[in-house]
Amino acid sequence: MALRVIVCMGVSGSGKSTVGRLLAERLGWDFWEGDDFHSAENKRKMASRQPLTDADRSPWLERLRRLIEEALSGRRPPAVLACSALRSSYREVLSRPEDSGALVWVFLKGEPELIRRRLNERSGHFMPPQLLESQFETLEEPESALVVDIDAPPATLVQIILDRLGPRDA
């Protein structure tokens, strides 16, 4: 099956949205911001500096999986999804073994100091910098993903991803 979904994952501040949006533009695909699919209650909880529980995340992950299934089946256009997906169990909800080749994970990886600096410079986002430590504690680095070091400009990161995906997907 041809590639139809790319999931940009990583901790808050790693560039998922920025890189994902640019990648979607380059590919001519839809872009989905995973945060847009959180419930109002989840957003309030994070804004008040409370980490989400797995129970909080479960309906959110299921909503995202339905979107992915629609893109994989062709009922929606191909898409790039920006989604933290920090634990392997979350990624298992979002992708199935049969998705192989049609769905690719891109792990945007960076040093905590760089990401903390980015979060402190960001305004208007419900995710406060104080939750970064809990994100790194939750993070289980994926075993099968394109790993991209985020210490480069977003356009460079997009080109690295496209080069690694190969010409058939770009």
Side-chain angles (χ1 to χ4, degrees), residues 1-43 46 52 54 56-110 115 118 122 124-127 135 139-150 152-170:
M1 180 183 279
L3 180 62
R4 295 200 46 91
V5 176
I6 298 170
V7 183
C8 292
M9 55 112 7
V11 299
S12 185
S14 62
K16 299 178 301 291
S17 300
T18 301
V19 171
R21 195 171 277 111
L22 289 171
L23 183 58
E25 286 176 16
R26 285 278 307 269
L27 291 167
W29 289 10
D30 286 354
F31 173 73
W32 302 329
E33 171 56 65
D35 288 341
D36 292 344
F37 299 91
H38 272 296
S39 67
E41 179 58 30
N42 280 4
K43 289 179 183 179
M46 288 184 283
L52 298 180
D54 286 352
D56 295 328
R57 285 185 185 91
S58 184
W60 173 66
L61 291 167
E62 289 299 330
R63 279 191 289 280
L64 294 176
R65 177 59 196 176
R66 284 191 298 277
L67 285 171
I68 289 168
E69 287 173 349
E70 290 174 7
L72 294 176
S73 71
R75 292 180 309 219
R76 285 184 178 265
V80 176
L81 167 63
C83 173
S84 53
L86 298 177
R87 288 199 170 137
S88 59
S89 60
Y90 306 160
R91 293 187 294 274
E92 288 170 6
V93 171
L94 295 175
S95 65
R96 310 280 192 276
E98 61 269 19
D99 299 341
S100 181
L103 184 147
V104 170
W105 289 91
V106 175
F107 174 35
L108 298 174
K109 183 176 180 175
I115 294 173
R118 287 179 173 189
R122 183 163 77 175
H125 194 275
F126 62 83
M127 177 71 174
Q135 292 229 322
L139 177 64
E140 296 170 359
E141 294 193 14
E143 294 179 17
S144 57
L146 296 177
V147 179
V148 180
D149 186 311
I150 63 167
T156 301
L157 299 178
V158 168
Q159 191 58 55
I160 290 167
I161 293 165
L162 291 172
D163 289 348
R164 292 183 63 197
L165 289 174
R168 66 178 177 79
D169 300 309

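In what follows, every heavy atom counts, from backbone to side chain, and hydrogens, waters and symmetry copies are set aside.
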Closest non-hydrogen atom pair between [X] and [Y], with its separation:
X	Y	result
Cys8	Leu23	SG-CD2, 4.3 Å
Leu3	Val104	CD1-CG2, 3.4 Å
Trp105	Ala85	CZ3-CB, 3.6 Å
Leu64	Cys83	CD1-SG, 3.7 Å
Leu86	Tyr90	N-CD1, 3.8 Å
Asp30	Pro77	OD2-CG, 3.4 Å

Measuring from atom [atom1] of [X] to atom [atom2] of [Y], what distance do you get when rounded to the nearest 0.5 angstrom?
X	Y	atom1	atom2	result
Ile68	Arg63	CD1	CZ	13.0 Å
Lys109	Leu146	NZ	CG	13.5 Å
Leu108	Ile161	CG	CD1	5.5 Å
Asp36	Phe31	CG	CZ	8.0 Å
Phe37	Leu61	CZ	CG	12.5 Å

Can we say [X] and [Y] salt-bridge, meaning some charged N sits less than 4.0 Å from an Asp/Glu carboxylate O?
X	Y	result
Asp54	Arg57	yes
Lys16	Asp35	no
Glu69	Arg65	yes

Any side-chain to backbone donor/acceptor pair from [X] onto [Y]? Under 3.5 Å, distance only.
X	Y	answer
Arg21	Glu33	no
Arg4	Arg76	yes
Trp60	Gly34	yes
Thr18	Gly15	no
Ser73	Glu70	yes
Arg96	Val93	yes
Asn42	Asp56	yes

Side-chain contact, heavy-atom cut-off 4.5 Å: [X] with [Y]?
X	Y	value
Leu165	Ile6	yes
Leu81	Leu67	no
His38	Leu52	yes

Test item: side-chain donor near acceptor, Arg87 and Ser89, under 3.5 Å
no

Taking it one step at a time, do Glu141 and Val147 satisfy side chain to side chain contact (heavy atoms under 4.5 Å, CB included)?
CA-CA 9 Å; Glu141 294 193 14; Val147 179; 6.0 Å; no

Step through the shown structure and confirm whether more than 12 heavy atoms of other residues, nucleotides or ligands are within 6.0 Å of CD on Glu143.
no

Under the criterion side chain to side chain contact (heavy atoms under 4.5 Å, CB included), which of Asp149, Val19, Val106 is the partner of Leu157?
Val19

Arg91 and Ser144: side chain to side chain contact (heavy atoms under 4.5 Å, CB included), yes or no, with the steps?
CA-CA 11 Å; Arg91 293 187 294 274; Ser144 57; over 6 Å; no

